[in-house]
Amino acid sequence: MTNQSSSSPSPILCASFNQDYSGFSIGTRDGFKIFDSDSGRLCFDRAMGAFNIVEMMFGLSLLAIVGAGEQPSLSPRRLCLFNTKTGAAARELNFLTSILAVRLNMKRLIVLLQDKTYIYDLNSLAILDTIDTVSNSKGLCAFSPNLEGCYLALPASTTKGSVLLYNVMELQSHCEIEAHRSPLAAIALSSNGIYIATASEQGTIIRVHLVTQATKSYSFRRGTYPSAIYSLSFGPSMQLPDILVATSSSGSVHVFSLAFMINQRSKRSSSLLGSMIPNKINDAFEPAHHYVLPNAFPAGVKSYVMIRGRGAGISPLSQAVISQALITIITFSGYFQQYNYHHSTHLVTTDIQS
């Protein structure tokens with residue numbers, strides 16, 4: 001562990017990383033704060049009441065904030081676009097029911113209610129589309145901010161782990177994926193919109209699908225016993241091989257190498273015996289793609305995790321890419337933690353679209 005510090009003395013009501021993981025925000029009963037992800041340095045602090053949602057726009061001065069309803073002026077039905085440079089609200093949107101989640105990028109603003117999702121043009125705040133959804137009381141969603149692969153993922157069922165993928169730039173449904181037998185507990189999209197990861201309420205299996213080929217999936221076993229998955233996050237696609245990190249109610253951090261899984265599957269499919277064994281059976285016997293950091297934070301404490309690259313090199317002996325990464329965790333007990341992670345993957349070129 002390279003760093004552990006307290007980010008807030010007040011109980012945390014919400015926390016999230018920005019789109020490129022360069023910063024993170026928290027909301028408390030006192031107000032909201034913005035921090036630098038590399039150092040944990042406090043960049044902005046405003047004490048003005050309780051907030052349930054604080055979403056950043058990359059490293060810009062624009063924030064999307066929603067009150068917790070503990071003060072009359074901070075209604076959970078009102079979305080405020082807040083400018084940290086001026087210290088004032090730029091625009092406001094009001095809704096009939098409580099706002100459960102907000103996502104945004106340079107072109108779009110997405111607002112989730114319990115059974116509706118609104119897509120706005122960020123510049124004009126004109127409504128572009130309204131999606132009727134199943135009851136989503138937790139505001140569960142995932143968003144890929146890349147304009148060329150800009151997708152929104154939403155639960156498609158309350159009884160099983162189905163997920164709806166919606167193309168936010170083209171304003172149309174992309175596909176529906178039957179990922180799990182149990183209802184969804186966590187969803188994540190890679191920043192480039194290539195992969196979607198899901199976990200069910202059982203929390204034992206994490207599945208990754210290709211967005212363009214919804215039927216093609218990779219399975220990772222987190223553990224044998226059920227556990228609540230608090231967060232899923234992909235590494236930035238330009239910095240790291242395809243790495244997925246997860247936190248769970250057991251207090252552990254799990255790191256999964258999708259690149260390793262793809263390479264192993266490619267090797268198996270090229271052999272006669274490997275081509276005869278289903279991938280789901282093979283995957284259960286491939287533990288080398290899974291790294292566990294136990295007791296990273298107290299069990300039962302809600303947390304969010306992300307991973308960022310810190311440079312890469314090539315080993316002259318093994319011809320493997322060696323990636324150094326930093327795992328950052330925000331716990332709802334008020335701590336910001338960082339861990340070094342070293343990952344290697346052999347240079348194997350695989351066409352995963354085939």
Side-chain angles (χ1 to χ4, degrees), residues 1-47 50-56 63 65-66 68 70 100-102 138-142 185-188 197 199 201 203 206 222-223 225-236 243-256 291-308 310 325-341:
M1 182 174 66
T2 60
N3 187 13
Q4 176 172 318
S5 60
S6 177
S7 58
S8 173
S10 179
I12 293 179
L13 301 180
C14 66
S16 65
F17 292 98
N18 68 354
Q19 293 85 346
D20 59 9
Y21 302 151
S22 62
F24 65 91
S25 58
I26 64 169
T28 71
R29 284 193 164 83
D30 299 325
F32 57 88
K33 299 180 180 182
I34 305 298
F35 294 87
D36 175 76
S37 289
D38 288 327
S39 62
R41 176 179 58 88
L42 178 63
C43 301
F44 184 84
D45 185 4
R46 177 56 61 95
F51 286 88
N52 269 341
I53 296 173
V54 182
E55 292 289 331
M56 301 175 64
L63 299 177
I65 56 177
V66 178
E70 295 185 4
L100 301 179
V102 176
K138 296 180 180 179
L140 188 62
C141 68
I187 319 173
E201 292 178 351
I206 294 172
R222 180 211 55 81
Y225 299 102
S227 182
I229 302 298
Y230 288 143
S231 68
L232 293 170
S233 178
F234 285 95
I243 293 180
L244 176 69
V245 290
T247 57
S248 69
S249 57
S250 67
S252 299
V253 176
H254 300 263
V255 184
F256 305 96
Y291 171 78
V292 181
L293 179 64
N295 304 316
F297 52 90
V301 174
K302 190 176 180 180
S303 60
Y304 285 110
V305 65
M306 67 89 166
I307 186 168
R308 297 179 70 194
R310 303 189 77 177
L326 190 67
I327 297 174
T328 301
I329 306 167
I330 309 168
T331 69
F332 274 55
S333 57
Y335 283 92
F336 162 82
Q337 301 172 203
Q338 291 181 321
Y339 295 86
N340 285 316
Y341 172 72

Mind checking what makes side-chain hydrogen bond (donor to acceptor under 3.5 Å, both in side chains) contact with [X], not counting sequence neighbours?
{"X": "S37", "answer": "none"}
{"X": "T328", "answer": "none"}
{"X": "E201", "answer": "none"}
{"X": "Y21", "answer": "S233"}

Between [X] and [Y], is any pair of side-chain heavy atoms under 4.5 Å apart?
{"X": "R29", "Y": "P11", "answer": "yes"}
{"X": "I243", "Y": "Y341", "answer": "yes"}
{"X": "E55", "Y": "L63", "answer": "no"}
{"X": "I34", "Y": "S25", "answer": "yes"}
{"X": "L326", "Y": "N340", "answer": "yes"}
{"X": "L293", "Y": "V255", "answer": "no"}

What's the spacing between [X] [atom1] and [Y] [atom2] if we round to 0.5 Å?
{"X": "M306", "Y": "I329", "atom1": "CE", "atom2": "CD1", "result": "10.5 Å"}
{"X": "S22", "Y": "D36", "atom1": "OG", "atom2": "CG", "result": "7.5 Å"}
{"X": "S248", "Y": "R222", "atom1": "OG", "atom2": "CZ", "result": "5.0 Å"}
{"X": "L13", "Y": "D30", "atom1": "CG", "atom2": "CG", "result": "9.0 Å"}
{"X": "I26", "Y": "C14", "atom1": "CD1", "atom2": "SG", "result": "8.0 Å"}
{"X": "K302", "Y": "T331", "atom1": "NZ", "atom2": "OG1", "result": "12.5 Å"}

Self-check item: Non-neighbouring partners of F297 that pass ring-ring contact (aromatic ring centres under 6.0 Å, His included), sequence neighbours left out
Solution: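 F297 satisfies ring-ring contact (aromatic ring centres under 6.0 Å, His included) with no residue once adjacent residues are dropped.
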Residues that [X] engages under side chain to side chain contact (heavy atoms under 4.5 Å, CB included), provided they are two or more places apart:
{"X": "A101", "value": "R103, L112, C141"}
{"X": "A228", "value": "Y230, S249"}
{"X": "L100", "value": "Q114"}

Which heavy atom of [X] sits nearest a heavy atom of [Y], and at what distance?
{"X": "A186", "Y": "L140", "value": "CA-CD1, 3.9 Å"}
{"X": "L232", "Y": "A246", "value": "CD2-CB, 3.5 Å"}
{"X": "F17", "Y": "V305", "value": "CE1-C, 3.9 Å"}

Side-chain donor-acceptor pairs under 3.5 Å in residues 40-47, sequence neighbours left out?
unit_1	atom_1	unit_2	atom_2	d
R46	NH1	G87	O	3.4

Exercise. I would like to know whether K33 and T28 meet side-chain contact (heavy atoms from CB on, under 4.5 Å); could you show each step before the answer?
Key: CA-CA 8 Å; K33 299 180 180 182; T28 71; 5.8 Å; no
Exercise. Measure from the side-chain N and O atoms of Y339 to the backbone N and O of A296, and report whether any donor-acceptor pair falls under 3.5 Å.
Key: yes
Quiz item: Would you say the ring centroid of F24 lies under 6.0 angstrom from that of F336?
Solution: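 They qualify: ring centres under 6.0 Å apart.
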